[in-house]
Amino acid sequence: MSWSRKDLLDIQSLEPEELTTVLDTAQAFKAVGQRAIKKVPALRGKTVINLFIEPSTRTRISFELAAQRLSADVINFTAEASSLKKGETLKDTARNLEALNADFIIIRHSAAGAPHFLARVLEVHVVNAGDGAHEHPTQALLDVFTMREKKGRLAGLKVTILGDILYSRVARSNVWALRKLGAEVTLCGPPTLVPPAFARMGCRLTHNLTEAIADADIINLLRIQHERQRKSMFPGLAEYTRLFGIDRARLALAKPDALVMHPGPINRGVEIDSDVADGDRSVILEQVTNGLAVRMAVLFLINGGKAPPPAPPATPAPDAP
Ligand code: NCD
């Protein structure tokens with residue numbers, strides 16, 4: 001199946017077949033990443049602008065590297081050093097980037113809906129790299145890619161997402177993707193952070209950690225997103241860790257083959273203990289590796305590429321390292 005969308009704005013509006021197309025294409029790109037020459041010419045001559053108005057380590061570098069591996073030119077826009085600080089609107093900033101003939105704008109913004117707004121007013125391809133507490137589609141795609149790779153299937157897989165669900169765009173995008181692909185999702189955390197509305201998306205909700213992890217194939221942990229919480233949502237971090245933190249003893253309550261995931265950044269000693277983060281059941285760094293392949297697939301498909309992608313040239317391209 002080919003991809004016919006101009007943008008990637010969210011998971012909610014995607015069909016299950018579109019999700020599978022991205023996953024299959026990413027699988028081919030992962031193989032490219034393991035070759036001596038990791039670059040393919042698919043986006044040669046195209047310009048990708050990373051418009052990150054919120055902090056990011058993994059996602060920004062991953063998109064930058066993905067664009068470079070596809071031979072695009074990449075510009076990183078830093079909000080602190082830009083005219084956004086001089087009162088320019090997001091729309092005007094983005095229009096100026098378009099006037100420079102950018103082909104893709106990858107946007108991260110604290111306002112939910114900012115990527116959808118840009119996609120309406122601009123001709124360029126827009127990719128959502130996280131908008132407020134709304135969605136983070138490429139994170140969900142790399143998460144389900146990792147689950148499918150590790151467990152061989154998504155249909156019927158039991159996935160528990162644990163932590164700050166209310167403020168998490170990662171949780172929202174994961175729930176959409178997992179439900180569309182037939183996985184069973186349990187959400188767990190303090191009652192203030194696990195909104196009942198998620199039950200309408202077909203999730204099981206619980207505030208009991210033991211119950212949440214007992215039959216899980218995947219335990220996906222989330223950071224407490226203090227920067228988005230308007231007031232304290234639970235008595236204190238120590239209590240959160242005592243009730244919901246995952247350490248080795250807690251992990252022993254899960255199935256022996258249950259895997260631990262986390263989108264990062266991890267807060268060691270809060271939602272995850274170092275023993276677990278660095279242990280053999282953790283696939284946290286593999287998620288990062290897979291994120292690169294998934295983002296290459298997204299840029300490739302939006303650019304009109306057909307899955308699976310072409311093999312890289314047998315000899316290094318003139319501009320390859
Ligand atoms: C997440 C984000 O920014 O949405 N991180 C990420 O992109 N890997 C999660 C978070 O900030 O906790």
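Ligands are counted one by one from 1 in listed order, and the atoms in each one are counted from 1 as well. Predicted model only: the values in this text are computed from it and were never measured.
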Do me a favour and list the nearest non-hydrogen protein atom to [atom] with residue, atom name and distance?
atom                    : answer
atom 12 (O) of ligand 1 : R223 NE, 2.7 Å
atom 8 (N) of ligand 1  : P263 O, 2.9 Å
atom 7 (O) of ligand 1  : H136 NE2, 2.7 Å

**Item:** Heavy-atom proximity to atom 3 (O) of ligand 1, best of R60, Q139, R169
**Value:** R169
**Request:** Would you tell me which option among P55, G264, A133 has the nearest heavy-atom contact to atom 5 (N) of ligand 1?
**Result:** G264
**Proximal atoms of ligand 1 relative to R108 (non-hydrogen, under 4.0 Å)** = 2 (C), 3 (O), 7 (O)
**Message:** If the cut-off is 4.0 Å to any non-hydrogen atom of V170, which atoms of ligand 1 fall inside it?
**Reply:** 1 (C), 4 (O), 9 (C)
With a 6.0 Å cut-off (strictly less than), is the heavy-atom count around [atom1] of [X], excluding the residue itself, greater than 12?
X    : atom1 : value
Q34  : CD    : yes
K46  : NZ    : no
D280 : CG    : no

**Prompt:** Backbone, side chain, both or neither: what part of L222 comes under 4.0 angstrom of ligand 1, heavy atoms only?
**Reply:** neither
**Prompt:** So, is P265 polar-close to ligand 1, with some N/O to N/O distance under 3.5 Å?
**Reply:** no
**Prompt:** Do the side chain of R223 and the main chain of N267 share a donor and acceptor less than 3.5 angstrom apart?
**Reply:** no
**Message:** Regarding N290 and T146, do their side chains bring together a donor and an acceptor under 3.5 Å, going by distance alone?
**Reply:** yes
**Request:** Dump the intermediate steps for ring pair (Phe, Tyr, Trp, His ring centres under 6.0 Å) on H134 and H109, then the final yes or no.
**Result:** CA-CA 10 Å; H134 177 223; H109 201 286; over 10 Å; no
**Asked** So, does E54 sit close enough to ligand 1 that a heavy atom of it is under 4.0 Å from the ligand?
**Response** no
**Request:** Pick out which of R250, R268, R248, R281 makes a salt bridge (charged side-chain N to carboxylate O under 4.0 Å, His left out) with D275.
**Result:** R248
